[in-house]
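Report on the following structure.
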Number of protein chains: 2
Amino acid sequence: MAYHHGDLRRALLDEAVRTIQMDGLHALTLRAVGQRLKVSRTALYRHFADKSALLSAVAGEGFVMLRTQLAAAWEAGGGGVAGFDEMGRAYVRFAVANPSHYRVMFGGFVAEREPDPELAREATAAFQTLVDAIVAQQQAGLLRRDPPQRLADYIWSIVHGIAMLAIDGHFQHHCTDVEDLVAFAVERIRTGTAAVAD
Amino acid sequence: MAYHHGDLRRALLDEAVRTIQMDGLHALTLRAVGQRLKVSRTALYRHFADKSALLSAVAGEGFVMLRTQLAAAWEAGGGGVAGFDEMGRAYVRFAVANPSHYRVMFGGFVAEREPDPELAREATAAFQTLVDAIVAQQQAGLLRRDPPQRLADYIWSIVHGIAMLAIDGHFQHHCTDVEDLVAFAVERIRTGTAAVAD
DNA sequence: ACCTGAACACCGTTCAAGT
DNA sequence: ACCTGAACACCGTTCAAGT
């Protein structure tokens, strides 16, 4: 009869994201997901070790999407200053457009225990996109010659902070437009990290 | 016999923080808290409407502590540049020293639904400490004359981003010392937001 | 007023059993 | 291989009852 065959895994991931998007992370129960997919609530265990493995998979897909969109923004901006600024905008835009992915990626649900190495690898790859762009700009004389990792930690913190506060609605209270804030941040980062004369 | 009288509320708050600190937010169960305080698991309902009200109270105390420590740092630094830099350091230091408070304050557990107005007021008061310091610096000609709220959103995002990533252990992977990162951030913020010549 | 114990409706997970 | 149904040990919350 209506076996889901190979695509139940895919359906479970999509339904998990959909549920978090609509009703929040606390509403994600294996029973509800199974019920909505017309499947036993234990069918999931054929595809994931447990609930946290499902969340890890969601986070992993999120990191792949993020890395792809960051790289695309860098390319679309033609590298250099325009490309880097575009990366910052793309980062926050990803978080705002995919809040459930982002929350699972950084909400502390996965990072608590030692996460599966594949997830760590994908997170590192996304971070590396930022480091690469920083090194490229330094070599073009567009950015301070601080250690790239330090600059990356700093800039990642800024866009992450904006993204988190935006997702959690902390800006709505004082009517802050997120796009405007990111534009302001990009300018201030540029001013604060410009290459200094030798 | 061993009634807790008026201080059960206090004991519940402390035990909640202790539990989150030691075992994580997912380990905070009303049953465990009650058991550890030698009290029925339903005794809590005499002091809090429900579990989320307990978390709201923890968050509220966190905002009071944060505001106090930010104001103290500003004063200790004698206002001006030194005081402002000290505020940034104090912010991240608070988060790292009180990760369970911080996670409840910003982890999206409280902000999801409409939070109680008292909590919102305390969060706003903490934010206002930053705005006030920014206005003072602008009047002293030490900071760009952008809208104070915009500068506050920007700087709050930076320290919040560093704090969150630090708490969730995302810096341990590439051996970043948080104090060093904050020091670097404070310098870059200063350079990026310095007053411009008229 | 403050606390208790039993009860209710949930949850993730396991496991023997079915196809 | 893939899915099911019953069972187990949890959870937050309610409520009549005790002091």
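Naming convention: chains lettered A, B, ... in sequence-line order (proteins, then strands); numbering from 1 in each chain.
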Who pairs with B/F84 by ring-ring contact (aromatic ring centres under 6.0 Å, His included), at least two apart in sequence or on another chain?
none
Roughly, in whole Å, what's the span from CG in B/D7 to P in C/dC2?
11 Å
Secondary structure of DNA chain D in dot-bracket form (Watson-Crick or G-U wobble, distances below 3.5 Å, | marking inter-strand pairs)
||.|||||...|||||.||
Does A/Q128 have any side chain to side chain donor-acceptor pair (under 3.5 Å) partners at least two apart in sequence or in another chain, and if so, which?
A/D132
Nearest whole angstrom, please: distance from the P of C/dG5 to the NZ of B/K38.
14 Å
Length of the CG-P vector between B/L12 and C/dC2, whole Å
13 Å
For the pair made of CG in B/L37 and C1' in C/dT4, what is the distance, rounded to whole Å?
16 Å
Between B/T124 and B/R121: side-chain donor-acceptor atoms closer than 3.5 Å:
no
Below the 4.0 Å mark, does C/dC3 have OP1 or OP2 next to a side-chain nitrogen or oxygen of B/H47?
yes
B/L55 CG - D/dG12 P separation (whole Å)
10 Å
Would you indicate what A/L28 reaches in the nucleic acid, counting non-hydrogen atoms under 4.0 angstrom: base, sugar-phosphate, or nothing?
sugar-phosphate
Rounded to the nearest Å, what distance is computed from the NE2 atom of residue B/H26 to the C1' atom of nucleotide D/dG12?
17 Å
Hey, could you give me the CG/CZ distance between A/D168 and B/F106, rounded to the nearest 0.5 Å?
9.0 Å
Using a 4.5 Å side-chain heavy-atom cut-off and chaining through intermediate ILVMFWY residues, the residues clustered with B/M22 come out as none
In whole angstroms, how far is the P atom of D/dG12 from the CZ atom of B/F48?
15 Å
For residues 58-70 of chain A, run the donor-acceptor check on the side chains, cut-off 3.5 Å, and write out each pair with its distance to 0.1 Å, sequence neighbours left out.
| unit_1 | atom_1 | unit_2 | atom_2 | d |
| --- | --- | --- | --- | --- |
| A/E61 | OE1 | A/R10 | NH2 | 3.0 |
| A/E61 | OE2 | A/R10 | NH1 | 2.9 |
| A/E61 | OE2 | A/R10 | NH2 | 3.4 |
| A/T68 | OG1 | A/V64 | O | 2.7 |

Between P of C/dC2 and CZ of B/R9, the distance in whole Å:
12 Å
Residue pairs, two or more places apart or on separate chains, that pass ring-ring contact (aromatic ring centres under 6.0 Å, His included) and touch residues 116-149 of chain A
A/F127-A/W156, A/F127-B/H174
Between protein and nucleotides 13-16 of chain D, what N or O pairs are separated by less than 3.5 Å?
| unit_1 | atom_1 | unit_2 | atom_2 | d |
| --- | --- | --- | --- | --- |
| D/dT13 | OP2 | B/Y45 | OH | 2.9 |
| D/dT13 | OP2 | B/K51 | N | 3.0 |
| D/dT13 | O5' | B/Y45 | OH | 3.1 |

Sorted by first residue and then second, give each salt bridge (Lys or Arg N to Asp or Glu O under 4.0 Å) pair with at least one member in residues 47-59 of chain A; sequence neighbours left out.
none
Qualifying salt bridge (Lys or Arg N to Asp or Glu O under 4.0 Å) pairs with a residue from residues 82-93 of chain B, counting only residues at least two apart or across chains:
B/D85-B/R190, B/E86-B/R89, B/E86-B/R93, B/R93-B/E179
